[in-house]
Amino acid sequence: AEMGKYAAVSCVPRTSERDYIYITTTSRNICGSSLLGRAGGRQYLRIKCWRPRTIQHELMHALGISHEHNRPDRDQFIVMNYQNIAPGLEPQFRRVPLSSVGLQLGYYDFASIMHYDSRGGSRDGISLVFYKRGYTQSSGYITQSNTLSRGDHFTLWGMYGGQRPR
């Protein structure tokens with residue numbers, strides 16, 4: 001409902017649509033996964049952690065929105081501890097080309113539901129992503145949001161229209 005307020009998209013039961021999102025469970029050791037953008041045909045959105053933030057995060061991927069920490073300019077805002085990335089999760093922390101990011105570039109949104117927290121994806125639960133000097137908040141740790149941020153609202157609106165965020 002929150003996503004549909006700022007994006008002219010809606011979730012409806014499938015009837016005969018050729019392209020659709022198929023939400024299912026996963027037993028993989030991740031909270032969820034989805035392809036980035038419209039893939040065509042049956043597009044799997046796999047969920048293990050059935051909480052609103054995970055579902056919204058994966059739906060944002062299906063709508064074509066990358067992780068905030070994958071932005072090509074992210075090194076201006078955060079520091080990555082590459083040696084502490086859990087094996088197999090390296091692609092989750094690669095910078096993406098500007099052409100893949102589109103409307104996401106604006107201010108760096110630490111509060112985005114598309115930003116992993118400081119320990120997300122680490123091999124040992126110790127911080128993997130740190131604020132760059134000058135951007136530190138009181139705790140020093142980046143926490144993953146439970147709701148869409150104002151920046152997420154503007155990204156959805158910019159890509160799909162809908163109600164303009166305030």
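Side chains included, hydrogens not; waters and symmetry mates left out as well; all remaining heavy atoms used.
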Closest heavy-atom pair and its distance - Val96, Ser66: CG2-OG, 4.4 Å
On the 0 to 90° scale, with breaks at 30° and 60°, tag the Tyr6-His153 ring pair as parallel, tilted or perpendicular. parallel
Taken to the nearest 0.5 Å, the spacing of Met3 CE from Leu59 CG works out to 5.0 Å
Give, for atom CZ of Arg71 and atom NE2 of His115, the distance between the pair rounded to the nearest 0.5 Å. 9.0 Å
Describe, in one word, how the ring planes of Phe77 and Tyr108 are oriented to each other, choosing from parallel (under 30°), tilted (30 to 60°) and perpendicular (over 60°). parallel
For Leu35, the hydrophobic cluster (side chain heavy atoms closer than 4.5 Å, chained through members) also holds none
Taking only residues two or more places apart in sequence or in another chain, which ones pass side chain to side chain contact (heavy atoms under 4.5 Å, CB included) with Pro52? none
Could you measure the distance from the CE atom of Met114 to the CD atom of Glu58? Nearest 0.5 Å is fine. 7.0 Å
May I have the step-by-step check of side-chain contact (heavy atoms from CB on, under 4.5 Å) for Leu156 and Leu148, ending in yes or no? CA-CA 10 Å; Leu156 287 166; Leu148 298 175; 4.0 Å; yes
Cluster companions of Tyr44 among Ile, Leu, Val, Met, Phe, Trp, Tyr (side-chain spacing under 4.5 Å): Tyr20, Tyr22
By side chain to side chain donor-acceptor pair (under 3.5 Å), which residues pair with Ser34, not counting sequence neighbours? none
Exactly one of Met60, Arg74, Gln92 clears side-chain contact (heavy atoms from CB on, under 4.5 Å) with His67, and that residue is Gln92
Approximate separation, where rounding is to 0.5 Å, of His57 NE2 and Asn146 CG: 13.0 Å
Are Phe110 and Phe154 connected, step by step, through hydrophobic side chains (Ile, Leu, Val, Met, Phe, Trp, Tyr) whose heavy atoms are closer than 4.5 Å? no
Flag, side chain of Asn70 to backbone of Arg95, donor-acceptor distance under 3.5 Å: no
Using modelled atom types only, decide if a donor and an acceptor are shared between the side chain of Glu68 and the backbone of Asp109 within a distance under 3.5 Å. yes
Is the backbone N or O of Trp50 less than 3.5 Å from a side-chain atom of Thr54, with the two atoms forming a donor-acceptor pair by type? no
Say whether Tyr160 and Trp157 are linked into one hydrophobic cluster, either directly or through other cluster members, by side-chain heavy-atom distances under 4.5 angstrom. no
Contacts of Cys11 that satisfy disulfide bond (SG atoms under 2.5 Å apart) - sequence neighbours left out: none
Return yes if some donor-acceptor pair links the side-chain N/O of Arg150 with the main-chain N/O of Arg166 below 3.5 Å, else return no. yes
Is there a path of hydrophobic side-chain contacts, each under 4.5 Å between heavy atoms, that joins Tyr82 and Tyr116? yes
Any donor and acceptor pair, going by atom type alone, linking the side chain of Asp152 with main-chain N or O of Ile113 inside 3.5 Å? yes
Distance-only, no hydrogens or angles: does the Glu17 side chain make a donor-acceptor pair with backbone N or O of Thr15 under 3.5 Å? yes
Separation between NZ of Lys48 and OG1 of Thr24, rounded to the nearest 0.5 Å: 13.5 Å
For residues 29-84, the disulfide (SG to SG under 2.5 Å) pairs (sequence neighbours left out) are Cys31-Cys49
Is the number of heavy atoms from other residues, nucleotides or ligands within 6.0 Å of CZ (Arg38) greater than 12? no
